[in-house]
Amino acid sequence: LQLRYAQLTSSGTIPETNRILKYVFRDYGTVFLRDYGNMTQQYIFLFPIPADLKYLLDNYDILPRPAGVKSRYVDGTLDY
């Protein structure tokens, strides 16, 4: 619910989004947003993503992002 609220009320800037991520995931570990400057961005999770959170991320658009910007997430603990 906190992520959805942030999505609806935030301006979508990188510093603001990173502050939100730090607050929401404070009990899990580090998450940050990287902007590539070409209308794409990536959320990097530096902890293993629990199955229930992975389900939400895969099936619902809950991560905050500006309109028209493509975003994806990665589990930074896995080798790709």
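Keep in mind the model is a prediction, meaning the values are calculated, not measured.
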If we only count heavy atoms from C-beta on, is the [X] to [Y] side-chain gap below 4.5 Å?
| X | Y | value |
| --- | --- | --- |
| L1 | Y5 | no |
| L21 | T17 | yes |
| V69 | T40 | no |

Open item on the list: Donor-acceptor pair, distance only, cut-off 3.5 Å: does the side chain of Q7 make one with the backbone of D61?
Closed with: yes

Next item on the list: Say whether, by atom type as modelled, one donor and one acceptor occur between the side chain of E16 and the main chain of S11 under 3.5 angstrom.
Entry: yes

### Query
side-chain contact (heavy atoms from CB on, under 4.5 Å) between I49 and Y73: does it pass, once the steps are laid out?
CA-CA 10 Å; I49 302 172; Y73 74 92; 3.6 Å; yes

Other residues, nucleotides, ligands: >12 heavy atoms within 6.0 Å of L8 CG | yes

Tell me whether the count of non-hydrogen atoms from other residues, nucleotides or ligands lying under 6.0 Å of CZ in F47 goes above 12.
yes

CG of L33 to CZ of R65, rounded to nearest 0.5 Å, is 11.5 Å

Rounded to the nearest 0.5 Å, the CG atom of L46 sits from the OG1 atom of T77 at a distance of 8.5 Å

So, for [X] and [Y], which heavy atoms are closest and what is the spacing to 0.1 Å?
| X | Y | value |
| --- | --- | --- |
| G76 | I44 | CA-CG2, 4.5 Å |
| P66 | G12 | CG-O, 3.5 Å |
| V74 | Q42 | CG1-NE2, 3.0 Å |

query = Would T30 and F45 count as a side-chain contact (heavy atoms from CB on, under 4.5 Å) if you check the C-alpha gap in whole Å, the side-chain angles of each, and the deciding distance to 0.1 Å?
reply = CA-CA 6 Å; T30 303; F45 289 78; over 6 Å; no

| said: Determine whether K70 and Y36 satisfy the following criterion, side chain to side chain donor-acceptor pair (under 3.5 Å), listing intermediate values before the conclusion. | reply: CA-CA 10 Å; K70 182 179 179 181; Y36 291 104; over 6 Å; no

Go through the steps to decide whether R4 and Y60 satisfy the test side-chain contact (heavy atoms from CB on, under 4.5 Å), and finish with yes or no.
CA-CA 10 Å; R4 181 67 175 138; Y60 299 97; over 6 Å; no

Practice item. Go through the steps to decide whether F25 and L3 satisfy the test side-chain contact (heavy atoms from CB on, under 4.5 Å), and finish with yes or no. Key: CA-CA 10 Å; F25 293 105; L3 287 173; 3.9 Å; yes

>> Would R34 pass as a cation-pi partner of F32, given that its NZ or CZ must be under 6.0 Å from the six-membered ring centre and within 45 degrees of the axis?
In response: no

Checklist entry - If you measure only the distance, is there a donor-acceptor pair under 3.5 Å linking the side chains of Y23 and N18? => result no

